[in-house]
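For reference, the structure is listed below as C-alpha cells.
Since the model is a prediction, treat every value here as computed from it, not as a measurement. Computed over heavy atoms, backbone and side chain alike; hydrogens, waters and symmetry mates excluded.
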Amino acid sequence: APDSCLQERKESSMTVDAVLARLSLLEADNARLRSHDSKLEQRVDAVNETAMRRVNFNVKPSSNLEVQNGERIVFDTVVENIGDAYSVSTGQFTAPFDGLYFFAFSTASLTTSYQSWADIVVDDVVLCRFRAQSNHGEMGSCQTNAQLSAGQNVWVTSRDTTNRYCPHSTTF
C-alpha cells in the first residue's frame with residue numbers, strides 16, 4: 001500500500017505541474033490578447049475619428065466680380081462651410097487634415113464683353129483650368145481631386161484678360 005500511495009502522489013504531482021504549466025501558457029496568451037485588443041480599440045477609435053471629420057464648403061460672389069488676370073477670386077457669400085476651412089477674407093480653402101479632397105468651380109459667361117477663364121490652384125500649382133467663351137450663357141466648369149496634406153491651400157485664380165463672375169452663375 002505504501003508504494004501505491006507514493007505512485008498516486010507522483011501522478012498527482014505531475015498533474016499539478018502540468019496544470020500549472022498550462023495555466024502559465026494561458027496567462028501569457030491572455031496578456032497577448034489583451035494587448036492586441038487594446039491596439040484594435042485604438043485603431044477603431046482612429047477610424048471613427050477620421051469618419052467624424054467633415055469638411056465641405058460652397059461659396060459664391062455676392063455681386064458681379066470683375067477680376068484681372070492672375071487675381072485670386074474671393075467668394076464672399078458662404079452657402080455652407082462645414083469645418084470652417086474656407087476663408088472669405090483670403091478666398092482660399094485650407095486643408096484641415098491630410099486626405100483626398102474634391103473641388104469644383106463653375107460659372108457662365110453672360111455677356112459678349114467678358115469671358116470666364118479660371119484655374120483651380122493648390123499652393124501655386126494649377127490642377128484644373130477651364131474657359132467659358134464670350135458667348136452669352138456659355139457655361140464652364142472645372143472639377144478635380146487633390147491629395148492634400150493638412151495646411152495646404154486651394155483657391156481659384158482668374159486667367160487671361162478681365163473676367164466677370166456673377167453671383168447667380170458662379171460657385172466654388
Tell me if a side-chain donor or acceptor on [X] pairs with a main-chain N or O of [Y] at a distance below 3.5 Å.
{"X": "Arg72", "Y": "Thr90", "value": "yes"}
{"X": "Gln152", "Y": "Ser149", "value": "yes"}
{"X": "Asp119", "Y": "Thr157", "value": "no"}
{"X": "Asp98", "Y": "Ala150", "value": "yes"}
{"X": "Tyr86", "Y": "Phe75", "value": "yes"}

Between [X] and [Y], is there a shared hydrophobic cluster once you connect ILVMFWY residues whose side-chain heavy atoms come closer than 4.5 Å?
{"X": "Val121", "Y": "Val88", "result": "no"}
{"X": "Val154", "Y": "Val78", "result": "yes"}
{"X": "Trp155", "Y": "Val59", "result": "no"}
{"X": "Val74", "Y": "Phe93", "result": "no"}

Aromatic ring pairing Phe57/Phe103, orientation class (parallel under 30°, perpendicular over 60°, tilted between):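 Ring orientation, 0 to 90° scale: tilted.
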
Minimal non-hydrogen separation, Ala146 against Val122, with atom names: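 That closest heavy-atom pairing would be CB-CG2, 4.4 Å.
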
Minimum heavy-atom distance between Thr77 and Pro61, given as atom pair plus value: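 For Thr77 versus Pro61, the nearest heavy atoms are OG1-C, 3.9 Å.
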
So how far is it from [X] [atom1] to [Y] [atom2], rounded to the nearest 0.5 Å?
{"X": "Asn30", "Y": "Leu23", "atom1": "CG", "atom2": "CG", "value": "10.5 Å"}
{"X": "Gln42", "Y": "Asp37", "atom1": "CD", "atom2": "CG", "value": "10.5 Å"}
{"X": "Glu27", "Y": "Leu20", "atom1": "CD", "atom2": "CG", "value": "9.5 Å"}
{"X": "Ile120", "Y": "Leu127", "atom1": "CD1", "atom2": "CG", "value": "7.5 Å"}

Candidate pair Ser35 and Lys39, rule side chain to side chain contact (heavy atoms under 4.5 Å, CB included), full reasoning: CA-CA 6 Å; Ser35 173; Lys39 289 176 186 172; 3.9 Å; yes

Donor-acceptor pair between Thr94 and Asn153 side chains, under 3.5 angstrom: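 The answer is yes; a qualifying pair exists.
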
Exercise: do Glu80 and Asn58 side chains pair donor with acceptor under 3.5 Å: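 Short answer, no.
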
Side-chain heavy-atom pair Val55, Tyr101 within 4.5 angstrom cut-off: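 Yes, close enough: below the 4.5 Å cut-off.
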
Side chain to side chain contact (heavy atoms under 4.5 Å, CB included) between Leu148 and Phe97, worked out: CA-CA 8 Å; Leu148 302 178; Phe97 46 82; over 6 Å; no

